[in-house]
Enquirer: 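I have a structure here, written as structure tokens, and I will follow up with some questions on it.
By convention here, the first residue in the shown sequence is residue 1. Side-chain atoms are counted along with the backbone in the values below, which use heavy atoms only and exclude waters and symmetry mates. For clarity, every value in this text was computed on a predicted model and none was experimentally measured.
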Amino acid sequence: MTVSGARNVWGSPDAPKRALLLHGLACSSYSMRHIGEGLAQHGYLVSAPDLPGHGIGPRAETYTWASMTAHVVSLLRETTYDLVVGHSMGAILVLRALCGQGAGSLDLDSDLNVKGHSLRPRRVVFLDPPLSVNEEAFERGAALFTSLVRSPPEPAFYMQMFPRWTRLDAVFQVLANELCDVRAMDIAYEARRVNHLELLDSLPAHVRFVVLVGDPDAGGQASLSDFEGVSDIEARMMKGYSHWIPYECPEEVVEAAVQRERLNAHM
């Protein structure tokens, strides 16, 4: 792993494939490190940036879905990514960027990067994206994330709550809480007024989507029913795993990504 600016990078610069990993709310690029390491072993050069207001990412006076989406669009314009993986908020931002939401959004049919290649990613993997959340769960989640950023806990808090985590996972999550700009939590409250579920009606053609949903009995936040009947989406629940899929089952994420790659190669 190398650190370049406000991002972590895994793999060789000469790797034939490119992957972009986007973390969730109150997290940092380190939360995606297990996935990054696994993809690098499959021939990817992997980039995981710290999003605005998170980690050592850029700071702003305000953080909105529109401004965060614009930032993700700028990331997607950097190169042609074979694979994009987003967790929670990161997944929603990718969905918004690919569906034409926000200033400077991508025109996937005509946009080219600086080398003249299409900006359309070939595959996208979403990890427990909470597109629809009931009011009670919304209030509880927003309040919890805000409190964790205002008063970061000890690593033992996360290890007790999520037994599948390693101590290093918990340490990195506490560090992410400490580095997070509390104003970035405004995006959680703005979610109440934004309908992301309707974006599934305007998915771009020729992009293959895989959605891995956390188990609601283990703390998953996304709803598998949100994706039923949506063409070009393969969705399944990760039985026994919580919302924190990047920490708890990164091997399954990597396998889902490369399995779809193998399927596409034979189509």
Enquirer: If you take all heavy atoms of I245 and G214, which pair is closest and at what distance?
Expert: CD1-N, 4.0 Å
Enquirer: Between S151 (side chain only) and L148 (backbone N and O only), is there a donor and an acceptor less than 3.5 Å apart?
Expert: no
Enquirer: To the nearest 0.5 Å, how far apart are CD1 in I187 and CE in M68?
Expert: 4.5 Å
Enquirer: Do the non-hydrogen side-chain atoms of L22 and V72 ever get within less than 4.5 Å of each other?
Expert: yes
Enquirer: Does V9 form a side chain to side chain contact (heavy atoms under 4.5 Å, CB included) with L45? I'd like the steps, not just the answer.
Expert: CA-CA 7 Å; V9 179; L45 176 61; 3.6 Å; yes
Enquirer: Keeping the roles fixed (side chain from K17, backbone from A40), state whether a donor-acceptor pair exists under 3.5 Å.
Expert: no
Enquirer: M159 and M161: same hydrophobic cluster, using ILVMFWY side-chain contacts below 4.5 Å?
Expert: no
Enquirer: Check whether more than 12 heavy atoms from other residues, nucleotides or ligands sit under 6.0 Å from atom CZ of R167, and answer yes or no.
Expert: no
Enquirer: Between atom CG of D186 and atom OG1 of T62, what is the distance when rounded to the nearest 0.5 Å?
Expert: 8.0 Å
Enquirer: Just do the side chain to side chain contact (heavy atoms under 4.5 Å, CB included) check on V213 and M238 with the steps written out, would you?
Expert: CA-CA 6 Å; V213 173; M238 308 301 289; over 6 Å; no
Enquirer: Looking only at heavy atoms, which two atoms of W10 and A48 are closest? And how far apart?
Expert: CZ3-CB, 3.5 Å
Enquirer: Between the side chains of H23 and S28, is a donor N or O closer than 3.5 angstrom to an acceptor N or O?
Expert: no
Enquirer: Quick check: closest heavy atoms across L76 and A97, and the distance to 0.1 Å?
Expert: CD1-CB, 3.9 Å
Enquirer: With a 3.5 Å cut-off and sequence neighbours excluded, list the donor-acceptor pairs that the side chains of residues 170-181 form with protein atoms.
Expert:
from	atom 1	to	atom 2	distance (Å)
Q173	OE1	Y247	OH	2.9
Q173	NE2	A26	O	3.0
N177	OD1	Y158	OH	2.5
N177	ND2	A26	O	3.2
D181	OD1	R183	N	3.0
D181	OD1	R183	NE	3.3
D181	OD2	Y63	OH	2.9
D181	OD2	R183	NE	3.3
D181	OD2	R183	NH2	3.0

Enquirer: Distance from Y44 atom OH to L21 atom CG, nearest 0.5 Å?
Expert: 10.5 Å
Enquirer: Could you walk me through whether Q221 and S88 pass the side-chain hydrogen bond (donor to acceptor under 3.5 Å, both in side chains) test, one step at a time?
Expert: CA-CA 9 Å; Q221 295 182 10; S88 193; 4.8 Å; no
Enquirer: Once rounded to the nearest 0.5 Å, what's the spacing between atom CD of E248 and atom CG of D169?
Expert: 9.0 Å
Enquirer: Test side-chain hydrogen bond (donor to acceptor under 3.5 Å, both in side chains) on R7 and S29 and set out the steps.
Expert: CA-CA 7 Å; R7 70 179 68 196; S29 56; over 6 Å; no
Enquirer: Apply the side chain to side chain contact (heavy atoms under 4.5 Å, CB included) test between I233 and each candidate in D226, V210, L200; give the one that qualifies.
Expert: L200
Enquirer: H71 and side chain to side chain contact (heavy atoms under 4.5 Å, CB included): which partner among T69, L75, V73?
Expert: L75
Enquirer: Less than 4.0 Å between a side-chain N and a carboxylate O, is that true for D82 and R122?
Expert: yes
Enquirer: Should H87 and S31 be marked as a side-chain hydrogen bond (donor to acceptor under 3.5 Å, both in side chains) after you check the CA-CA gap, both sets of side-chain angles, and the distance that decides it?
Expert: CA-CA 9 Å; H87 173 230; S31 69; 5.4 Å; no
Enquirer: Please report the C-alpha distance between F209 and L98 in whole Å, then the side-chain angles of each, then the deciding distance to 0.1 Å, and finally whether the side chain to side chain contact (heavy atoms under 4.5 Å, CB included) criterion is met.
Expert: CA-CA 12 Å; F209 294 87; L98 294 180; 4.1 Å; yes
Enquirer: Evaluate the side chain to side chain contact (heavy atoms under 4.5 Å, CB included) criterion for residues E252 and Y241: first the C-alpha distance (whole Å), next the side-chain angles of each, then the deciding distance (0.1 Å), finally the verdict.
Expert: CA-CA 11 Å; E252 284 85 345; Y241 294 105; 3.5 Å; yes
Enquirer: If I compare all heavy atoms of L95 with all of H196, which pair ends up nearest, and what's the gap?
Expert: CD2-O, 4.1 Å
Enquirer: First locate atom OH of Y30, then atom CG of N8, and finally report the distance between them rounded to the nearest 0.5 Å.
Expert: 4.5 Å
Enquirer: Are side-chain heavy atoms of D128 and L212 found at a separation under 4.5 Å?
Expert: no
Enquirer: Answer with yes or no whether the hydrophobic clustering places L224 together with V124; edges join I, L, V, M, F, W, Y residues whose side-chain heavy atoms lie under 4.5 Å apart.
Expert: yes
Enquirer: Do the side-chain N and O atoms of R18 and T79 include a donor-acceptor pair separated by under 3.5 angstrom?
Expert: no
Enquirer: Heavy atoms only: give me the nearest G53-R59 pair and the separation to one decimal.
Expert: C-NH1, 3.5 Å
Enquirer: If you measure from the Lys or Arg side-chain nitrogens to the Asp or Glu carboxylate oxygens, is any gap between R208 and D232 under 4.0 Å?
Expert: yes
Enquirer: Any chance you could measure I35, atom CD1, to L127, atom CG, to the nearest 0.5 Å?
Expert: 5.5 Å
Enquirer: Compare every heavy atom of S132 with every heavy atom of L197, then report the nearest pair and how far apart it is.
Expert: CD2-CB, 4.3 Å
